[in-house]
Amino acid sequence: MRSGRVLARDAVHKEGDTVELAGWVDARRDHGKIIFIDLRDRSGVMQVVFSPNISGASDLRLEYVIRARGVVKKRPPAMVNDKIPTGEYELQASSLEILGKAGELPIPVTGDGYDVNEESRLKYRYLDLRRKRLKHNIELRHRVTQFVRAHLSERGFIEIETPLLTKSTPEGSRDFIVPSRLEPGKFYALPQSPQQYKQLLMCAGFERYFQIARALRDEDLRADRGFEHTQIDIEMSFVEQEDVMEAVEELVISIFERFGKRILKKPLPKISYEEALKTYGADKFDPREQKDKDVVGLAWVKDFPVFVRDEKTGALTYSHNPFTAPKPEDEEKLLKGKDLEKLVSLQYDLVCNGYEIGGGGIRVSKPEVLEKVFEVIGHKKADIQKQFGHMLEAFRYGAPPHGGIALGLDRIIMILTGEESLREVVAFPMTSGGGTSVMDAPSEVSKGQLDELGLEIKKAKKKHG
Ligand code: ASP
C-alpha cells in the first residue's frame, strides 16, 4: 500500500486527521506510562506520543528510523513548545513501525556541530548532514541555483554542459590529470574551468551560454578554496565590457536581495586595479566599513595589466588568463611587443565582503592576437600550435567578439549563510588534507588497473599529513 505520509511541517494543518509521519528519532523522553518522541524529517520535528502498549515504542532509541500513524491533536496549553513551529501540536500515535535501527552514533547530529572534530564530521558526513544547519545550507544552495537558472534562462541564456575529460587549460593552476586506457601514456585533464569550450560555443553561434560548472584545480587548500568548486559560468557574444558587467551585476544583486541581503551601494562601484592597490593594498577587499551581518559590499575591479612578472622566474606571464583581451587601444602595442608591462586588459573581477566572487573579461577573438599573447609569455610557436591550435583555428572561421565571467557559487553561498568555511556549504567536501568525505580517496588502485593504463608507480610519496 502506498504511504499517506505527511511532513512534520505540514501535519499542523491536519488537526483531527489521521496521518502518517516518517523520519528519525531526534529525542526521546520515556515517562513510563507515556513515551514522547520528537520525530525529525527534512521539514522539521513533530512530537509523537506513544503509550507503552504500542508495540515497539519502548524499544525506540535515538536516530531509529520510524513510521508512526495517528491523529494530529492540539497540545494542552501547558505543553506547548513555542520554540518550534510545530510546537502547538502532537501526533497521538496508534501504530509504529521501525524501519531502520541505529547504533550509537559516532558524532552528535543535533546542535550546530561547529565544536565536533572535523575529521569525524567528514568521515560521517551523512550523519553530519542530518543537522538542521547543514540541511538549511544545502537547501539554500539548491534554491540559489534554481534562481540563477531561472534568471539567466529568462534572459535568453542557455545552459550547456561541457566535458569533464578534456585537455589542460592554462588558468594558472595545476591540472588534475586522468590517464587514458585507450591511448596508454596519454592523459586527459579535468577542467580548471570551461573557458575554452564556452568560447568555442560563442564561435558556434550560441551567443548566450551559462553552466553551473564544476572546476577542478590542484592547488593548496584553504578554508575558502577546495580542489573542486562550482562556478556560475557565463559567456556572451557581441558585447563590450560594460554589457557583461551590467548583466552580471543584475544577476548578483538579484541573488543577494532575493535571499535576504542588502547591497551596500548600487550601482556597484567600479575601481581600477591601481586604485585598489593604493586604497586597500590588494585587489581583493571589503568595501564595508562595518561588518554588518545583512549587508553585502560589492565592487568591481578593472583595468588590470595584461601581463605581470612572475615573482619566481621574473618572466612575463598573463595576469588572469591568456584569453583576456587587451584594451582596443593597446592591441597594436601588444602586436608590436611594445610597453608590454603597461598594457591594460579588459578583465573585471567582482569582490564581495573581502572575497573575490567572480572574474572574467572580454576575450581575444583574433588569432594573431592570441598567438602573440602566448609568444610573450614564452611559448614556442610549435607548442602554441600543439596546445592551442584548435582555438586559433576556431578564430579563423568567424569568431564573434565575446566575453564572460565565472562567479564562485560556493563563496556566494558562504556569504548568504554567514559560514566561514566552504565545507559548510558543500554536501561532501574534502578534508583540509585533500581526502574525500566518507569514502577513503585518494586511494590505491589495483595492479590490474595500472597495467591496463600502462602505468607503474615509482614510489608512493606523501606530500601532506
Ligand atoms: N575562466 C575564468 C575562471 O574560471 C573565468 C572567466 O574568465 O570566465 O576563473
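Only this structure's heavy atoms are used, side chains among them; waters, hydrogens and symmetry mates stay out. Computed from a prediction, not measured in an experiment: that's the story for all the values here. Just follow the structure's listing: the first ligand is 1, and inside any ligand the first atom is 1.
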S193 and ligand 1 - part of the residue with a heavy-atom distance under 4.0 Å: side chain

Sub-4.0 Å heavy-atom approach of R363 to ligand 1: yes

Ligand 1 to Q192 polar contact by distance, N or O atoms, under 3.5 Å: no

Cation over ring face, R149 and F157, 6.0 Å, 45°: no

Per-atom contacts, ligand 1 versus I405 - under 4.0 Å to a heavy atom: 8 (O)

Test item: R174 side-chain N/O and D218 main-chain N/O as donor-acceptor pair under 3.5 Å: yes

Backbone or side-chain N or O of D233 under 3.5 Å from ligand 1 N or O: no

Polar contact flag for E235 and ligand 1 (N/O pairs, less than 3.5 Å): no

Ligand 1 contact on H229 by region, counting heavy-atom pairs under 4.0 Å: neither

Ligand 1-proximal atoms of N321, by part, heavy-atom distance under 4.0 Å: side chain

F307/Y318 under ring-ring contact (aromatic ring centres under 6.0 Å, His included): CA gap, chis, key distance, verdict: CA-CA 4 Å; F307 299 110; Y318 46 84; 8.5 Å; no

G359 neighbourhood, listing ligand 1 atoms whose heavy-atom distance to it stays under 4.0 Å: 5 (C), 6 (C), 7 (O), 8 (O)

E240, CD: over 12 other non-hydrogen atoms inside 6.0 angstrom: no

Distance flag, aromatic centroids of F388 and F374, threshold under 6.0 Å: yes

Proximal ligand 1 atoms for G360, defined as those under 4.0 Å from one of its heavy atoms: 6 (C), 7 (O)

A215 touching ligand 1 at heavy-atom level, < 4.0 angstrom: no

Can you give each donor-acceptor pair under 3.5 Å made by side-chain atoms of residues 275-285, sequence neighbours left out, with the distance rounded to 0.1 Å?
residue: E275; atom: OE1; partner: S272; partner atom: OG; Å: 3.4
residue: T279; atom: OG1; partner: E275; partner atom: O; Å: 2.6

Distance-only polar pair, side chains of N117 and S120, donor-acceptor under 3.5 Å: yes

Donor-acceptor contact below 3.5 Å, side chain S345 vs main chain A325: no

Proximal candidate to atom 3 (C) of ligand 1 [heavy atom criterion; set H320, R217, Q347, Q195]: R217

Contact atoms of ligand 1, heavy-atom distance to Q231 under 4.0 Å: 4 (O)

Between T166 and Y197, a side-chain donor and acceptor under 3.5 Å: yes

Stepwise side chain to side chain donor-acceptor pair (under 3.5 Å) test for E118 and T431: CA-CA 8 Å; E118 188 174 273; T431 67; over 6 Å; no

Proximity of E356 to ligand 1 by residue part, where a heavy atom lies under 4.0 Å: neither

Those atoms of ligand 1 less than 4.0 Å from some heavy atom in K198: 6 (C), 8 (O)

